[in-house]
Amino acid sequence: MSRTPLSSPRSSEASTLRRSRNRLLAGVFGLALAGGAIGAVVLPEAVTPALAQITTNQPASTFSFADIVEKVTPAVVSVKVKKDTSDDVASADDEDGASQGVPPQIEKFLRRFGQGGPGMGGPGMQGPRGPRGGDHGRVVGQGSGFFISADGYVVTNNHVVEDASEVDVTMTDGKTYTAKVVGTDPRTDVALLKVDGRSDFPWVKLAGGAPRVGDWVVAVGNPFGLGGTVTAGIVSARGRDIGSGPYDDFIQIDAPINRGNSGGPTFGLNGEVIGVNTAIVSPSGGNVGIAFAIPSETVSQVVDALKSGGSVARGYIGVQIQPVSDDVAEAMNLKDVQGALIAQVQSGTPGEKAGLKSGDIVTSVDGEAIKDARELSRRIAAKKPGTVAKLDVLRDGKKQVVNVTLEQLPNQVASADRGDGADKGDGARDLPRLGLQLAPAKGVAGAGDEGVVVTEVDPRGPAAERGIRSGDVILDVGGQPVSTAADVRKGIADARKDNRKAVLMRVKSEQGTRFVAISLGSPRG
């Protein structure tokens with residue numbers, strides 16, 4: 001009689017482990033095959049137990065923006081606009097889907113970076129466009145905004161609501177209200193709306209000071225019409241000039257901003273609004289990490305003015321100015337490369353009445369130093385018309401004080417006139433050292449009576465390197481008026497006698513009048 005051997009607990013346990021290991025290895029081999037024949041399969045000699053899950057004792061909210069977002073989001077709204085328009089315009093796209101509302105200067109800036117369309121858009125995903133559905137003859141667009149008071153004042157961008165026939169704002173709870181446009185300021189791209197009927201709207205505060213580069217920020221808006229969306233990033237830079245106007249002072253952030261975020265707020269970690277989103281660099285139409293916001297200090301000033309009068313009153317001198325470059329400083333024998341150089345004083349303006357002259361360098365306003373031309377523009381614009389501004393000026397190397405009574409900045413400031421004629425007239429003379437051919441302005445149709453006209457420019461010459469083009473008019477050289485090519489030659493010769501490394505010319509072009517410093521180094525043809 002045979003006996004069936006009894007398995008000991010130890011042998012049974014070993015058998016179970018062998019079977020488990022075989023099943024595990026077979027599974028590993030099967031998964032490797034399922035993944036494709038990418039490389040050789042190496043089977044481990046032994047199975048390593050899974051490591052324990054790594055945990056920390058930090059609460060989940062330690063590195064979260066959730067608390068800030070929860071508090072500020074109710075004050076952010078979606079702004080929907082309708083604009084009466086003709087059928088041939090109704091199909092045009094704009095920033096955030098509205099119709100051609102982007103300031104032309106901002107559009108020009110964006111196109112320099114490869115934008116396919118104006119504003120914060122471009123190729124790729126588009127916002128709402130009209131006409132659509134029952135909105136025949138109307139363009140429908142969307143942007144963002146936010147309440148700044150419990151009684152219903154809303155801030156957004158001017159280009160979001162410009163020329164709007166109807167504006168609606170939708171809150172995060174889905175409630176929609178009709179808003180009226182209190183006032184707009186195209187120069188800073190700020191608009192103020194008002195929603196009536198309630199006095200308990202959730203609202204957020206505009207920050208009183210500027211953020212630091214590197215500070216965390218949170219942007220809330222309505223990208224692509226999706227509704228409230230939150231993104232985060234840091235302040236990348238301050239004081240950015242994107243070429244949209246003389247008051248450019250943008251905050252650059254890298255929080256993802258897209259079409260539809262226009263007019264929306266960017267918050268600091270204390271929940272205060274540090275800026276209003278207005279433009280992005282976007283070659284593809286989407287976010288690439290470069291966005292620009294209007295600083296809260298600027299927004300506060302504009303909002304106060306719009307509340308009181310519906311428009312912004314800015315001080316005005318009436319001069320064309322430019323920065324003091326290294327070349328200009330060398331040509332004028334200046335020690336410091338700072339201040340604002342007056343290229344032209346316009347007729348009948350406060351600057352002319354006060355005695356300002358082309359070639360003056362403004363170094364301070366009311367005792368505060370001026371770093372460059374943009375700073376002078378902002379300082380003067382921040383003052384009310386009728387204010388007397390004390391300007392410290394360098395004229396022919398000597399310090400002077402000029403008191404200017406500011407006037408209201410006109411809606412349109414005309415640029416210097418320039419004739420379209422650029423034909424070579426009789427008596428044209430070549431200046432091989434500059435790479436220019438010149439003719440007296442009086443002999444060129446439409447060029448005026450002052451200066452000499454540039455009829456040809458050598459693209460390899462020093463004048464071309466400094467941006468002088470055919471049709472430009474040289475008004476003076478080295479501070480002396482010129483009317484012939486001989487006068488220009490004399491001005492250059494005098495600069496050489498004074499051992500100057502550059503000669504300063506005052507040049508009138510389509511963009512206005514400016515000073516150009518041209519090197520007098522090695523002769524070039």
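When atom types are taken as modelled, the side chain of D254 and the backbone of I234 share a donor-acceptor pair closer than 3.5 angstrom. Side chain of N157 to main chain of G263: a donor-acceptor pair is present (N/O by atom type, distance under 3.5 Å, no hydrogens or angles). The backbone N or O of V213 sits nowhere less than 3.5 Å from a side-chain atom of R238 that would complete a donor-acceptor pair. The backbone N or O of T156 lies less than 3.5 Å from no partner atom in the side chain of S144, so there is not a single donor-acceptor pair. Side chain of Q344 to backbone of Q320: no donor-acceptor contact under 3.5 angstrom is found. Proximity of a side-chain donor or acceptor of N158 to a complementary backbone N or O of A191 within less than 3.5 Å is not detected. Under the 3.5 Å distance criterion, the side-chain polar atoms of K194 are matched with a main-chain donor or acceptor of D151.
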Can you give the donor-acceptor pairs under 3.5 Å from side chains of residues 357-364 to other protein atoms, not counting sequence neighbours?
{"residue": "D360", "atom": "OD1", "partner": "R395", "partner atom": "NE", "Å": "2.8"}
{"residue": "D360", "atom": "OD2", "partner": "K357", "partner atom": "N", "Å": "2.8"}
{"residue": "D360", "atom": "OD2", "partner": "R395", "partner atom": "NE", "Å": "3.3"}
{"residue": "D360", "atom": "OD2", "partner": "R395", "partner atom": "NH2", "Å": "2.7"}
{"residue": "T363", "atom": "OG1", "partner": "D392", "partner atom": "O", "Å": "3.2"}
{"residue": "S364", "atom": "OG", "partner": "D392", "partner atom": "OD2", "Å": "2.5"}

For residues 288-305, dump all side-chain donor-acceptor pairs below 3.5 Å to protein atoms at least two apart in sequence or in another chain.
{"residue": "S296", "atom": "OG", "partner": "A207", "partner atom": "O", "Å": "2.8"}
{"residue": "S300", "atom": "OG", "partner": "S296", "partner atom": "O", "Å": "3.0"}

task: Would you sort out whether R469 and D472 count as a salt bridge (Lys or Arg N to Asp or Glu O under 4.0 Å), showing the intermediate values?
output: CA-CA 6 Å; R469 300 289 181 264; D472 289 353; over 6 Å; no

### Task
Any chance you could lay out the side chain to side chain contact (heavy atoms under 4.5 Å, CB included) test for I317 and T349, step after step, and finish with the verdict?
CA-CA 6 Å; I317 293 179; T349 61; 6.0 Å; no

Could you walk me through whether K175 and T170 pass the side chain to side chain contact (heavy atoms under 4.5 Å, CB included) test, one step at a time? CA-CA 6 Å; K175 294 181 180 178; T170 301; over 6 Å; no

Does the side chain to side chain contact (heavy atoms under 4.5 Å, CB included) test come out yes or no for F146 and V72, once each step is laid out?
CA-CA 10 Å; F146 56 98; V72 302; over 6 Å; no

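For residues 163-184, the set of pairs meeting the ring-ring contact (aromatic ring centres under 6.0 Å, His included) definition, not counting sequence neighbours, comprises Y177-F201.
With sequence neighbours excluded, no residue forms a side chain to side chain contact (heavy atoms under 4.5 Å, CB included) with A369. When the ring pair (Phe, Tyr, Trp, His ring centres under 6.0 Å) test is applied to Y153, no partner is found at least two apart in sequence or on another chain. The side chain to side chain contact (heavy atoms under 4.5 Å, CB included) search around K384 returns T387, not counting sequence neighbours.
The CD1 atom of I321 sits 10.5 Å away from atom CD of E375, with the distance rounded to the nearest 0.5 Å.
Within 6.0 Å of the NZ atom in K307, the count of heavy atoms belonging to other residues, nucleotides or ligands exceeds 12.
In this structure, a donor-acceptor pair under 3.5 Å is absent between the side chains of Q322 and R514.
Ion pairing between R187 and D185 fails under the 4.0 Å rule for side-chain N and carboxylate O. The existence of a salt bridge linking D168 and K80 is excluded, since no basic side-chain nitrogen approaches an acidic carboxylate oxygen closer than 4.0 Å.
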